[in-house]
Amino acid sequence: MAEAHRPSTLRRRVFDILDEGSTDPLGRLIDRGLIGLILLNVAATIAESVPSVASRYGPVLTGIEIASVAAFTIEYLVRLWCAPEHSLAELRSAWHARLVFAVTPSALIDLASIAPVFAALVTQIDLRSLLVLRLLRFFKLARYSPGLESLLQAIFAERRALLACIVILFGTVLVAASAMRLVEEDAQPDKFGTIPDAMYWAFVTLTTVGYGDVVPITPLGKVVASLTAVVGIFMLALPVGLLASAFADEIRRRDFVVTMTMVAKVPLFADLGAGPIAGIMRHLSSRTFEAGEAVVQRGQPAHSMFFVSAGTVEVELKERPVRLGAGEFFGEMGLLQGRERSATVVAVTRVRTLVLEANDLKYLMEHNPVMAERIREVADRRSAESQSQG
Ligand code: CMP
């Protein structure tokens with residue numbers, strides 16, 4: 001039987017800690033430590049390229065490099081080890097799951113940031129030539145930046161349109177370069193004598209860079225240059241517009257998926273089909289609270305209720321506080337009874353919640369009688385408990 005199916009609590013725990021977006025305090029500490037180490041390492045690599053700094057702080061920079069490589073290697077091996085815990089890996093054998101993980105972009109970047117060091121140790125290559133490869137480590141940060149991931153996805157989604165932009169750019173370069181060569185060849189044979197020379201000028205002009213090292217001097221040449229510069233502005237606007245709208249779509253889609261996953265985790269909604277869940281999502285917004293933060297305060301007016309999708313909150317009741325975790329909800333009593341908050345609710349860990357406003361709760365309860373009944377039951381039970389405590 002595949003190893004992936006065997007329960008492995010330590011491996012599961014390590015996976016949860018290292019999982020991106022984990023609310024586990026240790027996981028967040030490790031994330032921050034790794035981000036700090038990546039930045040420190042990149043800064044040290046940049047500093048090492050300055051001879052005066054390298055000679056003065058050589059041992060410190062080497063120390064940072066050794067510590068980072070050790071930490072990145074352990075990180076890579078641990079991520080590889082617990083890859084079978086990934087929910088998508090359930091049906092695969094452990095080694096197959098690890099292989100699938102190893103070829104993901106973030107795992108390849110992890111490998112690329114350590115492999116050259118080990119290759120250098122084995123083959124005795126001059127470590128200085130690896131300086132550029134070491135800067136690749138900067139891209140390890142992509143794992144912690146959902147925005148960067150969305151941007152890469154936007155580029156991937158628009159790859160055909162972007163490729164078309166490049167083809168159009170090349171075509172325009174060819175036309176501009178041959179026109180320019182025709183009109184400037186005699187006046188400046190050294191600068192516009194060949195098509196590659198003229199193409200260099202066309203690229204620099206069309207991309208609106210305009211170094212100014214090669215400029216037309218004939219009146220006709222200036223006309224061609226002006227037209228090329230104007231066309232250049234339109235050429236740049238095309239991919240920028242494409243990417244901007246694809247990026248915005250991607251972020252909207254990501255928010256949709258995140259909210260959908262969070263909604264599906266709430267048992268109250270879990271029985272509903274995909275259609276009603278999508279309907280409910282329109283009424284929910286997500287909010288995160290840090291450990292120790294009060295989500296609602298006793299005595300304050302109630303405007304919304306909360307569904308916990310990750311983390312733990314504590315309801316501060318008089319005798320015995322009650323803890324609520326993922327899938328549970330609170331803040332419904334104030335809304336249903338039209339009263340102030342009956343208790344203060346504090347985030348024990350970092351908590352992710354879905355917020356439902358009073359009007360939306362009313363709407364949802366009117367349209368989902370079963371759900372309405374369940375919320376009322378819980379509210380009545382809590383009311384009774386609170387009264388018996390008070
Ligand atoms: P509300 O009164 O709006 O704000 C405080 C919330 O704490 C309340 O809604 C309930 O959701 C929750 N709460 C109150 N009493 C209990 C209880 N006995 N057990 C669990 N949760 C409670």
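In each ligand, atom 1 is the first atom listed, and ligand 1 is the first ligand listed.
Polar contact check, Phe330 against ligand 1: no nitrogen or oxygen pair lies under 3.5 Å apart. Checked by distance only, ligand 1 and Glu340 stay at 3.5 Å or farther apart across all their nitrogen or oxygen atoms.
Counting heavy atoms from C-beta on, the side chains of Glu332 and Met365 never come closer than 4.5 Å. Here the side chains of Glu377 and Arg381 are not in contact, with every heavy-atom distance at 4.5 Å or above.
Using a 4.0 Å cut-off between heavy atoms, Thr344 makes no contact with ligand 1 at all. Residue Val345 touches ligand 1 through its side chain alone, judged by heavy-atom distances below 4.0 Å.
A centroid separation of less than 6.0 Å is found between the aromatic rings of Phe170 and Phe203.
In this structure, Arg159 is positioned above the aromatic face of Phe156, its NZ or CZ under 6.0 Å from the six-membered ring centre and within 45° of the axis.
Each of the atoms 1 (P), 2 (O), 4 (O), 5 (C), 8 (C), 14 (C) of ligand 1 lies under 4.0 Å from some heavy atom of Ser342. Within the listing of ligand 1, atoms 9 (O), 10 (C), 11 (O) sit less than 4.0 angstrom from a heavy atom of Glu332.
Comparing heavy-atom distances from atom 7 (O) of ligand 1 across Val295, Val296, Val315, Leu335 singles out Val315 as nearest. Between Glu314, Arg341, Glu385, it is Arg341 that holds the heavy atom closest to atom 3 (O) of ligand 1. Residue nearest to atom 5 (C) of ligand 1, selected from Ser304, Gly299, Ala302, Ala343: Ala343 (by heavy-atom distance). Checking Pro321, Gly331, Pro301 against atom 9 (O) of ligand 1, the nearest heavy atom belongs to Gly331.
Listed by first and then second residue, the ring-ring contact (aromatic ring centres under 6.0 Å, His included) pairs involving residues 327-360 are Phe306-Phe330, Phe307-Phe329 (not counting sequence neighbours).
Cluster partners of Leu182: none. The rule joins Ile, Leu, Val, Met, Phe, Trp and Tyr whenever side-chain heavy atoms lie under 4.5 Å apart, and it links nothing here.
Side-chain N/O atoms of Ser342 and Gln337 include no donor and acceptor closer than 3.5 Å.
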